[in-house]
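Worksheet: the structure to be examined is printed underneath.
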Protein chains: 2
Amino acid sequence: MAAPREPSEMRILSVAGEHLRQHGLRRFTVVAVAEEAGMTHANVYRYFPSRTALIDAVVDVWLKSAERKLADIADGPDPAEDKLERLILALAKANRDLLHEEPHLFAALSQAVAKRHAISRRNRTRVRALFERVIDDGIATGAFEPRDRDRAIAFVIDATHRFIHPASLELEADVPQASVDARLATLIRVALRTLATGVI
Amino acid sequence: MAAPREPSEMRILSVAGEHLRQHGLRRFTVVAVAEEAGMTHANVYRYFPSRTALIDAVVDVWLKSAERKLADIADGPDPAEDKLERLILALAKANRDLLHEEPHLFAALSQAVAKRHAISRRNRTRVRALFERVIDDGIATGAFEPRDRDRAIAFVIDATHRFIHPASLELEADVPQASVDARLATLIRVALRTLATGVI
DNA sequence: GCAGTTACATTTTACAAATTTTGTCATTTT
DNA sequence: AAAATGACAAAATTTGTAAAATGTAACTGC
């Protein structure tokens, strides 16, 4: 899907990634990125239409890489129950790890989500599609028997929201990971049981 | 519990409430509140130790009033299932209505929560206690049979987080209320069923 | 002694000028 | 023709400073 990027474009993107991770959104300037990439800032605009677009491109690289891991899970040969559990855990872990290991990049993602940038809306749509696929898979194999498929999908997303959405993760940044993991495990168990027993 | 406030303190609090609702956090000044209350700003400090404390006091009035409604539900004679459902609905509705009807006050509450002010921590503790009471009630009457009481409480709070926490409510400010209501109803149904059937 | 004020030091905020950055485009370079 | 630059207007940020607000304490009148 992604067009093969030219070397200059790649270089800019890579330098921009370093800058964003190291200095954060506020200190991120097109001028500084261009200088470190060995060109004038005007040339950056040949490849990225705006500062915001460049930042979004950096975030998008991370989002796409996370999506690939999720897609691998969703497309695997395992039972839908296992895949749904691993999908939720992987998504929660990816975001939570980003919060702790790359706080500046997390902040940029968080802002893109809050301001509903195209990259985050599209990511949301694609991730949601993965959930739909796995749940449909489970319905097809009889593992899940919800009365209303759409309602079941919304339920899973709403119930796990606390452990997945950047805005919610920030709230609990200092809660011990083990405790969060235990609570998420409970929630997943309930969600799987709910899908299996047709309560919805 | 609350000490009977002196007339001046009440007057300041009431004027501060109007100012906060009308002008918002940014334009809220102790000088303006004092002037409208017919005194100099220095006198305000006889009753409230700081601007922040005054704002928190205004938010606390609202929190306490919301808590009373919740306590009425929790202390009622109805079955624990009904009470838990109404508790969640009332809490979600109180916060959501505040967001739409008093956006400035909502913003002040949101900030107090984000910055973990004492008023919000205590409110959280008391609201949590209401949930615990109702769930314990349900366990005592046999309506709920969770394997682990604490885990069950955490589960209910985590699962409904999306519809209750200010930070999450802001995200969906523009989603039609009917749609949100339907999703919350689903979540409540699942939570009640889960508590009843001892999955946790 | 209590409610309130006046006076004042400290901290924020508001605003204007200077500087930097963003974004565009004609021109140069390869 | 594609890649890059220099020059420039518009927008955003920073800097310095005046004004306002916050917060303290000594003082006044009841």
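Below, read A as the first sequence line, B as the second, and so on, with proteins coming before strands; counting in each chain starts at 1.
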Protein-nucleotides 4-13 of chain D N/O pairs under 3.5 Å:
| from | atom 1 | to | atom 2 | distance (Å) |
| --- | --- | --- | --- | --- |
| D/dA4 | OP1 | A/Ser8 | OG | 3.3 |
| D/dA4 | OP2 | A/Ser8 | OG | 3.1 |
| D/dA4 | OP2 | A/Asn43 | ND2 | 3.2 |
| D/dA4 | OP2 | A/Tyr47 | OH | 2.9 |
| D/dA4 | O5' | A/Asn43 | ND2 | 3.3 |
| D/dT5 | OP2 | A/Thr40 | N | 2.8 |
| D/dT5 | OP2 | A/Thr40 | OG1 | 3.1 |

What integer distance in Å separates A/Glu35:CD from C/dT20:P?
-> 13 Å

From the options A/His100, A/Arg96, A/Glu172, select the one residue that forms a side chain to side chain donor-acceptor pair (under 3.5 Å) with A/Gln177.
-> A/Arg96

Starting at NE2 of B/His23 and ending at C1' of D/dA21, how long is that distance when rounded to a whole Å?
-> 16 Å

Quick one: which of D/dA21, C/dT21, C/dG23 gets closest to the side chain of B/Val31?
-> D/dA21

Give a yes or no on this: more than 12 heavy atoms of other residues, nucleotides or ligands lie within 6.0 Å of atom CZ of A/Arg149.
-> yes

Pairs involving residues 83-93 of chain B, ordered by first then second residue, that meet side chain to side chain donor-acceptor pair (under 3.5 Å) (sequence neighbours left out) = B/Asp78-B/Arg86, B/Lys83-B/Asp137, B/Lys93-B/Asp97

Under-4.0 Å salt bridge between B/Lys64 and B/Asp60 = yes

Show me the donor-acceptor pairs, under 3.5 Å and distance only, between side chains in residues 37-50 of chain A and residues at least two apart or in other chains.
| from | atom 1 | to | atom 2 | distance (Å) |
| --- | --- | --- | --- | --- |
| A/Ser50 | OG | A/Ala53 | N | 3.0 |

Whole-Å distance between C/dT24 C1' and A/Phe48 CZ?
-> 18 Å

Euclidean distance, atom CZ of residue B/Arg51 to atom P of D/dG23 [Å, nearest integer] | 8 Å

Whole-Å gap separating P (D/dA20) and CZ (B/Arg27) | 16 Å

Is there a path of hydrophobic side-chain contacts, each under 4.5 Å between heavy atoms of I, L, V, M, F, W or Y residues, that connects B/Val190 with A/Phe131?
-> yes

